[in-house]
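Structure first, commentary second.
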Amino acid sequence: MVLMRRLSPLLLAGLTFLVVLAFLLPVSSSAVVLDGVAYSQPITLGVNIHAFRPALVRGANVSWVRINIPWRDVNPLPGRWEWSTTDTLVKRARSRGLKVLAVLSAAPEWAGSNRNGTRPPAQIEIWEGFVAEVAKRYAGRIQAYEIWNEPNLEDDGPGVGWAADLWASPRYVDYLRAAALRIRAFAPGTLVVGPVTSSEPNSRTVAVFRQLEEVVFPDGPAWSFLDVISFHGNARDDQPTAGVLEQIEDQLTILAGRNPSSAGKPVWLTELGWRVGSGITEEEQRDRTRHVIEALTGSGGYLHGCELCPGPPIHSLFKWTVAFLYKDVDSPGEARGIYREDRSRKPIVTDYLAGLTFPARHPNDGFAPIYAQCKERTCLFVSPAVEPYLSFNYRYHWDFGDGTTGEGRIVRHTFPAPGLYTVASGVEAGLGPIASDVRLLPVQLNPVP
């Protein structure tokens, strides 16, 4: 067993690295380390909307909302547009300082879909028109769009699934590219998010990620039309925390193995939650949700509170940035909300989210900084991540944010040009799973006078 759940330097380690810095660091000049000590990346929290009450969402301190823009509702007939519901949702979100992730799915029957809106219409130009109208109307007001919903399922309810052979034209990636082109044209800077696969990966999940890697269009590979990778992490009944983390790892394994070109993109978990009942109390909903989020930051492992347990290998390899809880308010038979049907707060709000400051971000409480000092375009980086009393071998790996990587606890790197770089560092234990998560450090290199 790897004898670490998370890594944090002791005083002796800190003194040792200060001595190292004193002898090895160049004198700073044109470069600016924007944060002299970089901590493991936190997870920003959002929530899926069911019965949107802005005061409730803001009262839980979350800063993102995930809404649906059903194509068939917005565009019920050719040339007819119904914007009132979406306008209201977006206006309410903005009034409370909330960012919006909108899911584009649920095609209309008039366009060639089925009753659930899960069959993609063969005339992709109709889809392009829909996305263009949405992007133009909400430019600057919606921050991100998720393309379709759980395409690895076939037909799992209204707006859920891709009721067609994934390799038959039009494919998921054809819809993705078409949407990305319209969003980037009419709402520059808005994020394109996908492939929005379901919580339990299957063979179709593999197919979707294969498409992202293998399909190449005249204007670029399919994966280039995605800014953020997303999938879901909802629990089955009383599924333990470890089970959900294992499913998340399965998704990441597929991502890394089938679509490695996207493995370095930011990753969002756009649905996460437990349904109260079926063996789960409200307190367990609170704890299990928090423990998954904690694990994704790198400050927690499979077993909460176990200082001798390794964290899962997702920590060092992927850039987790946002997690959306499912959902805001309970509905009959679906008690995954953070509020009860009567709008009263559950323990997940009172004992967890209310303790975070808006915009809610779950921190990594494992102190593991990167020290850096730069001269012109050359920087020295030091990662004091391992306590001095451990005898295990660790591999320190770096991503310098300029397309190059390195290894070693102390590394020197020369950047190709002035600019803003996000340097990431992680640690892998040689005797077992990766034992630490990614730490980020922004470095601004200015032109030499």
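Just so you know, these numbers come straight off a predicted model, no measurement behind them. Index from 1, following the sequence.
Under a 3.5 Å cut-off, the side chain of Arg94 and the backbone N or O of Leu89 do not form any donor-acceptor pair. Looking at Gln247, its side chain does come within 3.5 Å of a backbone N or O of Ser199 through a donor-acceptor pair. At distances below 3.5 Å, not a single donor-acceptor pair connects side-chain atoms of Asp250 with backbone N or O atoms of Ile254. In terms of modelled atom types and a separation under 3.5 Å, the side chain of Tyr339 and the main chain of Leu56 share a donor-acceptor contact. Put simply, the side chain of Asn234 gets close to the backbone of Gly273: a donor and an acceptor are under 3.5 Å apart. When atom types are taken as modelled, the side chain of Gln251 and the backbone of Ser198 share a donor-acceptor pair closer than 3.5 angstrom. When atom types are taken as modelled, the side chain of Trp127 and the backbone of Pro121 share no donor-acceptor pair closer than 3.5 angstrom. Checking side-chain atoms of Glu284 against main-chain N and O of Thr281 turns up a donor-acceptor pair under 3.5 Å. Of the possible donor and acceptor atoms, one in the side chain of Asn48 sits under 3.5 Å from a partner among the backbone N and O of Thr270. One N or O on the side chain of Asp402 and one on the backbone of Thr404 form a donor-acceptor pair closer than 3.5 Å.
Under the salt bridge (charged side-chain N to carboxylate O under 4.0 Å, His left out) rule, Asp330 has a single partner from Arg340, Lys346, Arg336, which is Lys346. Of the options Ile229, Leu101, Val196, a side-chain contact (heavy atoms from CB on, under 4.5 Å) to Trp268 is made by Leu101 and by none of the others.
Surrounding CZ of Arg182 are more than 12 heavy atoms belonging to other residues, nucleotides or ligands, all under 6.0 Å away. By the neighbour-count criterion of 12 heavy atoms within 6.0 Å, atom CD of Gln123 is sparsely surrounded, having that number or fewer from other residues, nucleotides or ligands. Shown here is Lys136, whose NZ atom has more than 12 heavy atoms of other residues, nucleotides or ligands within 6.0 Å.
Cation-pi contact between Arg177 and Phe217: present, with separation from the ring centre below 6.0 Å and deviation from the ring axis of at most 45°.
Using a 4.5 Å heavy-atom threshold, the side chains of Pro195 and Leu212 count as touching. Proximity of Leu272 to Val292: side-chain heavy atoms (C-beta onward) are separated by under 4.5 Å at one or more points. Under the 4.5 Å side-chain criterion, counting only non-hydrogen atoms from C-beta, Ser262 is in contact with Leu255. Counting only heavy atoms from C-beta outward, the side chains of Asp399 and Lys319 approach each other to under 4.5 Å.
The aromatic ring centroids of Tyr352 and His362 lie less than 6.0 Å from each other. A ring-centre distance under 6.0 Å is not found for Tyr421 and Phe400.
Taking the six-membered ring for Trp and thresholds of 30 and 60 degrees, Phe130 and Trp71 have nearly parallel ring planes, at less than 30 degrees apart. The aromatic rings of Trp148 and Trp162 stand perpendicular to each other, their planes meeting at an angle above 60°, with 30° marking the opposite boundary. Using a 30° and 60° split on the angle between ring planes, Trp81 and Trp83 fall in the parallel class, below 30°.
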When you look at Val208 and Asn259, which way does the side chain to side chain contact (heavy atoms under 4.5 Å, CB included) test go after all the steps? CA-CA 9 Å; Val208 171; Asn259 181 210; over 6 Å; no

Could you check Phe225 against Leu181 for side chain to side chain contact (heavy atoms under 4.5 Å, CB included), going step by step and ending with a plain yes or no? CA-CA 8 Å; Phe225 297 99; Leu181 291 175; 3.9 Å; yes

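A salt bridge links Arg275 with Asp237: the distance from a Lys NZ or Arg NE/NH1/NH2 to an Asp or Glu carboxylate oxygen falls below 4.0 Å. With salt bridges taken as basic N to acidic carboxylate O contacts below 4.0 Å, none links Glu271 and Lys327. The pair Asp87-Arg137 meets the salt-bridge criterion, since a charged nitrogen lies less than 4.0 angstrom from a carboxylate oxygen.
Thr205 and Asn152 share a side-chain donor-acceptor pair at under 3.5 Å.
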